[in-house]
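First comes the structure, then the notes that go with it.
Note on naming: letters A, B, ... go to the chains in the order of the sequence lines (proteins, then strands), and numbering restarts at 1 for each one.
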Amino acid sequence: MPELPEVETVRARLEPLLAGRRLERVAILDPRLTRPEPPDAVSARLEGRRVDGVRRRGKYLVIDLEGDGHLLVHLRMTGSFRHTAGSAPGADGHARAVVELDDGGRLVYRDVRRFGTWSLLERGELDAYLGVRLGPEPLGPGFTAAALRSALAGRRAPVKAALLDQRTVAGIGNIYADEALWLARLHPLAAAGELGPGDVARLARAIRRVLRTGIDRHGATLRDYRAPDGASGSMQEEFRVYGRGGAPCPRCGTPIAKARVAGRGTWLCPTCQVAPGA
DNA sequence: AGGTGGACCCGAACGC
DNA sequence: TGCGTTCGGGTCCACC
C-alpha cells in the first residue's frame, strides 16, 4: 500500500506543513507505535523541538529535527497523517498519535492495522539504521542497470522476491513490483541471478518508470491511503496487471493471471511475461 | 548463507 | 441475513 510513490506524496505534502514548525505537544496513544521505546519517553524528547525538514528514504519518512534528531516513520500498510489548520477534532478510534504545532495546526497519525512505527533516532544513528535495511534509491543516481545487475547476481530467489527485498532497491512493494515486471516483460518467478543484461536493463527502466508515474499520479488509493489533506491518488487507474485478474493484458489481450509468488498475490500476463526456462 | 514462510494486525471480502 | 473464515501486505524473525 504505501510504497515509494505514496510515501513520496505524503512527504511532499507534509514538508510545507512541518518545516520550521515547533512540535508543541505530542500525544502517543498506542504504545505499539514506538515499541520498544516507551511512548512517554519518545513524546518527551519530541516536544519543544523544531522541524528542519521532511525527507524520504525508501518507504520511510524522515522528519529531521533540530539538534540532529530524526523521527523515522514507517506507514507499513495503513498508516496515514491528517493535518488540520485549527485544533479540529479529527482524532477517531484509529488515531495513534496527535501532534500540536506552534502555528495552531494539528497533525493526527492514524493506523487501522497498527503496523506502522515511529522511531526517534539521534545524531549519527540514522545512516546506520537505514544502511543495513535499504539498497539504493531507485530514482537516484545510484540506481543503474549495472547496480541492479550486481544486486541480483548469484541470487536464486524469484526476481519478484528480490524486488520486494528492500536491500536490492528501496521502496518497491507488491503493487509496483508486479507493474514493473509486466512492463519489463519478465516472469515474476524467473531466477533473479539468471536474468540477462538486457533483461536487467529493461527491469531497471521499468522500475523507474512505474515509480515516476506513481508519483505523478500522487500514488494509488485502493482502500486506506490518503495524503495529509485527505486527497486520493489516481495511480490505481494506471495499473496494467495489479488486481486485474481475468482482464485483458493491455499489450496482447491475454487474460491476466493471478499466482502466488514470495507469499504474495501476484498478477501477470502469461503470454508476454516469459516463464522461467521457457 | 541465502531463501522461505509465519507472526503481527484488523477491516473487507468471501462462502455457506 | 448472518455468521465464521480467509485474505492482504511490509518487515522481522525463526527455521530450513
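Straight-line distance from the NZ atom of Lys258(A) to the C1' atom of dC14(B): 12 Å, rounded to whole Å. Across the protein-nucleic acid pair, Leu130(A) atom CG and dT11(C) atom P stand 11 Å apart, rounded to whole Å. Rounded to an integer number of Å, the gap from CG of Leu61(A) to C1' of dT11(C) is 16 Å. Put simply, CG on Leu4(A) is 11 Å from P on dT11(C), counting in whole angstrom units. The distance between atom CG of Asp111(A) and atom P of dG8(C), rounded to the nearest whole Å, is 20 Å. Distance, Leu164(A) CG to dG6(B) P: 16 Å, rounded to whole Å. Here dT11(C) presents its P atom at 4 Å from NZ of Lys59(A), a figure rounded to the nearest Å. One atom, CZ of Arg56(A), and another, C1' of dG10(C), lie 16 Å apart when rounded to the nearest Å.
The shortest heavy-atom contact between Leu164(A) and Asn174(A) is CD2-N, 3.6 Å.
In this structure, Phe115(A) forms no aromatic stack with the base of dT11(C), since the conditions of centre separation below 5.5 Å and plane angle below 30° are not both met.
Both Arg264(A) and Gly154(A) lie close to DNA chain B; mapped to their nearest nucleotides by heavy-atom distance, the more 5′-ward contact belongs to Gly154(A). Both Asp165(A) and Arg96(A) sit near DNA chain B, but only Asp165(A) has its closest nucleotide nearer the 5' end.
Under 4.0 angstrom from either OP1 or OP2 of dT11(C) there lies at least one side-chain N or O belonging to Gln166(A). Phosphate contact (OP1/OP2 of dC12(C), side-chain N/O of Arg133(A), threshold under 4.0 Å): present.
Side-chain contact check for Leu186(A) versus Gln273(A): every heavy-atom pair is 4.5 Å or farther apart.
No N or O donor and acceptor, one from the side chain of Arg260(A) and one from the base of dG8(C), sit under 3.5 Å apart. For Arg76(A) and dG9(C), a side-chain-to-base donor-acceptor distance below 3.5 Å is absent, hydrogens and geometry of angles not being considered.
Comparing dG9(C), dT4(B), dT11(C) by their closest approach to the side chain of His74(A) singles out dT11(C). Distances from the side chain of Arg114(A) to the nucleotides dT4(B), dC10(B), dC8(B) place dC10(B) closest. Closest to the His94(A) side chain, of the nucleotides dG11(B), dG10(C), dG8(C), is dG11(B).
Between Glu179(A) and Arg240(A) there is no salt bridge, since none of the side-chain N atoms of the basic residue sits less than 4.0 Å from a carboxylate O of the acidic one.
At the heavy-atom level, Gly173(A) lies under 4.0 Å from the strands shown only through sugar-phosphate atoms.
For Arg56(A), the salt bridge (charged side-chain N to carboxylate O under 4.0 Å, His left out) partners are Glu8(A), Glu137(A), not counting sequence neighbours.
For the pair Arg244(A) and Trp182(A), the cation-pi criterion (under 6.0 Å, within 45° of the ring axis) is not fulfilled.
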